[in-house]
Amino acid sequence: MSDPPKSMGTAMREKREELGLSLSQVSSKSGLHENTIAGYEKDEHQPGLFNLVVLADTLGVGLDEYIGRQAKGRNDNERTSAEDPALAD
């Protein structure tokens, strides 16, 4: 049985700790209040898209990492008209 996916807050905290940054340092770099970031890390609040992008940029990660999505190429998850004639124009 596989482990449940990490929460967004857990992923944020783990990345911050991996980089050796304190909440105060991330706050200074991102412009977000320290308590706001702590609330996200504890899953007390969910960041809006703008704050999520700011934190991802601050920590050098892609949004996919925070939302637990595995990026796939177009051909990995979409069928083309060559594979399925119903998709042809």
- Message: If the condition is side chain to side chain contact (heavy atoms under 4.5 Å, CB included), which residues does Thr58 pass it with, not counting sequence neighbours?
- Response: Val26, Lys29, Ser30, Val54

- Measure the OG1-CG distance between Thr10 and Asp43 for me, rounded to the nearest 0.5 Å. 5.5 Å

- Spacing of Thr36 atom OG1 and Asn51 atom CG [to the nearest 0.5 Å]: 7.5 Å

- How far does CZ of Arg13 sit from CG of Leu23, to the nearest 0.5 angstrom? 10.5 Å

- Query: Which distance, rounded to the nearest 0.5 Å, do you find between the OG of Ser7 and the CD of Glu41?
  - Reply: 10.0 Å

- Message: For the CG atom of Leu52 and the CE atom of Met8, what is their distance to the nearest 0.5 Å?
- Response: 5.5 Å

- Grab the two heavy atoms, one from Met12 and one from Tyr40, that are nearest each other, plus how far apart they are. SD-CB, 3.8 Å

- Note: Ser22 and Gln25 closest approach over all heavy atoms is N-OE1, 2.7 Å

- Of all heavy-atom pairs between Leu19 and Leu59, which one has the smallest distance, and what is that distance? CD1-O, 3.5 Å

